[in-house]
2 protein chains.
Amino acid sequence: MPNFREFEPQELRFVSSFKAGELVAEVGTTLLSEGNHSAHLYTLLSGWAFRYKTLQDGRRQILNYLLPGDLIGLQGSIIGELQHSVEALSPLVLCVFQRDRLSELFRNHPGLGFDITWLAAQEERMLDDHLLSLGRRTALERAAYLIAFLYQRAASVGLAASSTLYVPITQMHVADTLGLSIVHTNKTLRKLADRSLIRWLDRSCEVLDVDGLMDLAGWDGLPERRRPLI
Amino acid sequence: MPNFREFEPQELRFVSSFKAGELVAEVGTTLLSEGNHSAHLYTLLSGWAFRYKTLQDGRRQILNYLLPGDLIGLQGSIIGELQHSVEALSPLVLCVFQRDRLSELFRNHPGLGFDITWLAAQEERMLDDHLLSLGRRTALERAAYLIAFLYQRAASVGLAASSTLYVPITQMHVADTLGLSIVHTNKTLRKLADRSLIRWLDRSCEVLDVDGLMDLAGWDGLPERRRPLI
DNA sequence: CGAGAACTTGACCCAGGTCAATGCCGGTGG
DNA sequence: CCACCGGCATTGACCTGGGTCAAGTTCTCG
């Protein structure tokens with residue numbers, strides 16, 4: 001995987017011991033949920049998941065998507081309480097870490113500590129982009145942005161063969177990400193399809209023209225950079 | 001300041017040497033701007049600022065507000081490129097750090113490295129809340145949330161005498177934070193005032209009933225916790 | 001073959017946007 | 001001292017993007 005940086009040998013040894021085991025989760029599993037205090041810390045090894053929050057009356061907002069290489073539950077491990085939930089979009093394989101050894105990681109492997117901060121900063125940047133989208137883009141622009149974003153993320157971990165992406169999401173997920181109703185989401189995706197930018201397939205989406213999407217959204221894309229993996 | 005954790009003596013020594021100087025900025029100064037590669041890293045010592053992004057056609061989205069104790073420019077220092085701008089809302093005093101010594105900090109002072117990650121996780125959590133707000137709350141709920149949020153943040157650094165808060169923002173800032181037009185923002189703030197939850201004063205806002213605001217927004221508030229200061 | 005899920009589509013409605021005008025300072029130049 | 005100007009806040013009239021409601025249409029799966 002060319003996009004990931006190499007470990008130092010002693011880092012590799014530590015990470016192996018830090019790892020408490022692997023976990024497999026089915027589609028639809030709620031891995032972590034809001035308010036949980038004893039949350040675990042995972043790295044996603046394969047599959048798609050998403051983070052979300054809900055209001056008391058059930059309105060849901062998807063915050064971001066999780067792909068292989070992403071940490072899951074970092075907020076909980078660092079601050080103590082998790083304020084969002086995480087659900088599997090596809091079958092997942094996770095690497096489970098021993099949360100209480102996180103300070104040991106920072107103490108003895110500063111490079112890994114830095115990597116964790118790097119990942120947090122990266123997440124922050126994605127959230128900045130999403131905020132711009134929800135606050136200031138129109139429905140059509142938002143949809144274009146989201147799909148281009150997911151495409152780029154998938155591509156960066158080798159999940160997008162040629163220019164075709166199959167994301168295991170429903171229009172309901174798209175709606176809850178874009179802050180739109182399902183009906184309007186449907187009509188908006190249709191418009192993108194009419195412009196032959198995408199093709200929507202049941203529970204997934206084929207991207208026909210990433211550049212067209214990025215252009216429509218006025219989005220520059222994610223900076224492509226060597227990333228850490230923990 | 002009871003909310004901040006204590007330094008270890010050697011951490012204090014390092015931080016003093018890490019500090020390259022102090023900087024004072026006027027209202028309206030753009031401290032950092034989008035796309036900048038050689039960005040500095042600061043800690044805000046006093047004053048209010050905000051982070052924002054813009055679309056090519058000028059639409060602006062405010063991402064978050066910066067208060068004393070917050071790091072400014074962390075994304076730039078960690079990832080290399082800053083994707084947002086930062087502007088002063090009031091006169092600021094900043095502590096300037098030597099960005100290139102950040103890895104030294106992680107190496108020799110793991111506690112401080114952890115603190116930086118803590119701050120990043122905290123920022124991430126605030127952005128999660130903002131996303132929920134933009135995506136799923138109505139204009140009135142959003143406004144209530146924002147003001148309660150700012151009030152709590154100000155209170156946590158001792159900037160809110162009794163239940164009165166003076167935030168140095170215009171309705172334009174509120175609009176660009178909530179993703180609304182100025183006109184509608186004005187009408188929405190008026191509704192809050194009519195319910196005697198707030199009182200809007202030129203370029204600032206007095207909070208009359210925080211609990212009422214939080215209740216209206218369906219927001220639980222920021223967890224009150226001992227925080228690091230760097 | 002029936003029951004869900006997910007996706008579609010049309011008709012109608014309303015929250016919030018746009019336009020336009022007004023008032024209210026505080027600062028500046030004369 | 002006054003006239004003028006440029007930000008900001010305010011308000012009313014009107015319009016539209018996106019929400020809500022209500023039917024379908026496929027599929028898939030038991």
Side-chain angles (χ1 to χ4, degrees), chain A residues 26-28 50 55 57-62 87-90 133-147 166-194 198-206 216-217, chain B residues 26-28 50 55 57-62 87-90 133-147 166-194 198-206 216-217:
Chain A
E26 285 311 300
V27 179
F50 65 95
L55 255 18
D57 63 7
R59 283 175 280 176
R60 178 176 76 165
Q61 177 63 41
I62 293 181
E87 191 179 316
L89 279 170
S90 71
S133 211
L134 283 188
R136 291 305 183 197
R137 281 195 249 253
T138 65
L140 194 66
E141 292 166 345
R142 268 184 243 183
Y145 160 72
L146 175 63
I147 293 172
Y166 295 96
V167 214
I169 55 177
T170 67
Q171 295 190 357
M172 184 67 167
H173 293 114
V174 176
D176 283 347
T177 309
L178 303 182
L180 300 171
S181 68
I182 325 170
V183 174
H184 198 67
T185 298
N186 180 284
K187 289 171 182 170
T188 303
L189 290 174
R190 172 137 311 283
K191 280 185 198 163
L192 290 182
D194 289 345
I198 65 165
R199 192 176 305 149
W200 189 268
L201 316 164
D202 235 41
R203 224 154 306 204
S204 79
C205 166
E206 184 179 342
L216 174 54
Chain B
E26 285 311 300
V27 179
F50 65 95
L55 255 19
D57 63 7
R59 283 175 280 176
R60 179 177 75 166
Q61 178 62 41
I62 293 181
E87 190 180 315
L89 279 171
S90 71
S133 211
L134 283 188
R136 291 305 184 198
R137 281 195 249 253
T138 65
L140 194 66
E141 292 167 345
R142 268 184 244 183
Y145 160 72
L146 175 63
I147 293 173
Y166 295 95
V167 214
I169 55 177
T170 67
Q171 295 190 358
M172 184 68 168
H173 293 114
V174 176
D176 283 347
T177 310
L178 302 182
L180 300 172
S181 68
I182 326 170
V183 174
H184 198 66
T185 298
N186 180 285
K187 289 171 182 170
T188 303
L189 290 174
R190 172 137 311 283
K191 280 186 198 162
L192 291 181
D194 289 345
I198 65 164
R199 192 177 306 150
W200 188 268
L201 314 164
D202 235 40
R203 225 156 303 206
S204 79
C205 166
E206 184 179 342
L216 174 55

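In what follows, chains are A, B, ... by sequence order, proteins preceding strands, each numbered from 1.
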What pairs of residues pass the side chain to side chain donor-acceptor pair (under 3.5 Å) test when at least one of them lies in residues 168-184 of chain B, not counting sequence neighbours?
-> A/R136-B/D176, B/R60-B/D176, B/Y65-B/T177, B/T170-B/H173, B/Q171-B/N186
Sequence neighbours left out, what passes salt bridge (charged side-chain N to carboxylate O under 4.0 Å, His left out) with B/R199? Give chain and number order.
-> B/E206
Taking only residues two or more places apart in sequence or in another chain, which ones pass side chain to side chain contact (heavy atoms under 4.5 Å, CB included) with A/V27?
-> A/P91
Here the gap from A/T185 atom OG1 to A/K187 atom NZ, rounded to the nearest 0.5 Å, amounts to 11.0 Å
How many angstroms lie between CH2 in B/W200 and CD1 in B/I169, if you round to the nearest 0.5 Å?
-> 4.5 Å
Using a cut-off of 4.0 Å on non-hydrogen atoms, how would the nucleic acid contact of B/T138 be classed: base, sugar-phosphate, or nothing?
-> sugar-phosphate
For atom CD1 of B/I182, is the number of surrounding heavy atoms from other residues, nucleotides or ligands below 6.0 Å larger than 12?
-> no
What is the distance from CD of B/Q171 to C1' of C/dG16, rounded to the nearest Å?
-> 16 Å
Where along nucleotides 17-27 of chain C does protein come under 4.0 Å, by heavy atom, of base (B) or sugar-phosphate alone (S), with - for untouched nucleotides?
-> SBB--------
Please check the phosphate of C/dC7 (OP1 and OP2 only) for any side-chain N or O of A/N186 closer than 4.0 Å.
-> no
Covered region of DNA chain D, 5' end to 3' end, by chain B [heavy atoms, under 4.0 Å] | D/dC8 to D/dA13
Between B/M172 and A/D202, name the one whose nearest nucleotide on DNA chain D is closer to the 5' end.
-> B/M172
Please test A/I147 against A/L189 for side-chain contact (heavy atoms from CB on, under 4.5 Å), starting from the C-alpha separation and ending with a verdict.
-> CA-CA 10 Å; A/I147 293 172; A/L189 290 174; 3.8 Å; yes
Side chain to side chain contact (heavy atoms under 4.5 Å, CB included) partners for A/D57, two or more places apart = A/L55, A/R59
Take atom CZ of B/R190 and atom C1' of C/dG16, then tell me their distance rounded to the nearest Å.
-> 17 Å
Taking for each residue the nucleotide of DNA chain D with the nearest heavy atom, is it B/W200 or A/R137 whose nucleotide lies nearer the 5' end?
-> B/W200
